[in-house]
Amino acid sequence: MYNFTRFISWPADHPQPLVFCVQQPTDFVAFFHALINSKPGRDKRNDLRIIELSAAARCDLAYLPGPQIDFPALTPATLIITDAPAPPGLAAVFTFYQEHNRLRFEIDTAQSERLNLTISSELLKVAKIK
């Protein structure tokens, strides 16, 4: 999921840093921080902030792995990554699924276009396109 951000372009006027919200315990947030800090200096994402969804005022991306409840930080402009149905009124851009005991992902290109996002062809060629 972290690497997805390298293959997505937001509009030039989009607020920085990007806020990546996760609906997981604090340990999962700490894992993401450790992952970012383990990258070589030139790969560190100073333009990406990872926080727990329940503490977020705004989410540009959100990972929602389970049953959804209402969070005000989630809006129709949030890029949703999930392995479950998206919350009512929101659509997932990335959906994880299992196929032949392998984890795969699907990209809803129509939803990414509605969000005014550009997804790299490098990422599109390894995904199932919805």
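Just so we're clear, the structure is a prediction, and the values are computed from it rather than from any experiment. These numbers come from the heavy atoms of this one structure, side chains and all, not from hydrogens, waters or symmetry mates.
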Name the one of Asp83, Ile119, Asp108, Thr82 that satisfies side chain to side chain contact (heavy atoms under 4.5 Å, CB included) with Phe94?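 Result for side chain to side chain contact (heavy atoms under 4.5 Å, CB included) with Phe94: Ile119.
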Which pairs count as salt bridge (charged side-chain N to carboxylate O under 4.0 Å, His left out) when at least one residue sits in residues 7-23, sequence neighbours excluded?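 Counting only pairs at least two positions apart or across chains, no salt bridge (charged side-chain N to carboxylate O under 4.0 Å, His left out) contact touches residues 7-23.
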Filter on side-chain hydrogen bond (donor to acceptor under 3.5 Å, both in side chains), then keep only pairs touching residues 109-119, sequence neighbours left out; what's left?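 Listed once each, the pairs are Gln111-Arg114.
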Quick check: closest heavy atoms across Pro76 and Leu115, and the distance to 0.1 Å?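 It is O-CD2, 3.1 Å.
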Please find the pair of heavy atoms, one from Arg58 and one from Pro15, that lie closest to each other, and give the distance.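 Taking Arg58 first and Pro15 second, the nearest heavy atoms are NH2-O, 3.6 Å.
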With a 4.5 Å heavy-atom cut-off, do Ile50 and Val19 have their side chains touching?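 No. Closest side-chain heavy atoms not under 4.5 Å.
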Can you find a pair of side-chain heavy atoms, one from Asp60 and one from Leu79, that are under 4.5 Å apart?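 No - every pair of side-chain heavy atoms lies 4.5 Å or more apart.
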What ring-ring contact (aromatic ring centres under 6.0 Å, His included) pairs are there with at least one residue in [range], not counting sequence neighbours?
range	value
residues 106-130	none
residues 110-129	none
residues 110-130	none

Atom pair CH2/CG of Trp10 and Leu61 - distance to nearest 0.5 Å: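 Trp10 atom CH2 to Leu61 atom CG measures 4.0 Å (nearest 0.5 Å).
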Calculate, to the nearest 0.5 Å, the distance between atoms CG and CG belonging to Leu74 and Leu64 respectively.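 Atom-to-atom, Leu74:CG and Leu64:CG are 5.5 Å apart.
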In chain order, what residues pass the side-chain contact (heavy atoms from CB on, under 4.5 Å) check against Glu122, with sequence neighbours excluded?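 With neighbours one apart ignored, the set is Phe7, Ser120, Lys125.
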Check whether any side-chain N or O of Thr78 sits under 3.5 Å from a backbone N or O of Ile80 as a donor-acceptor pair, and report yes or no.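 It does not hold such a pair.
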Transitively linked via ILVMFWY side-chain contacts under 4.5 Å: Phe96 with Leu124?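 Result: yes, single cluster for both.
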Taking Ile129 as the starting point, is it possible to reach Ile8 by hopping between hydrophobic residues whose side chains are less than 4.5 Å apart?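 Linked, Ile8 and Ile129 end up in one cluster.
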Return all side-chain donor-acceptor pairs below 3.5 angstrom for residues 99-106, not counting sequence neighbours, or 'none' if the list is empty.
none

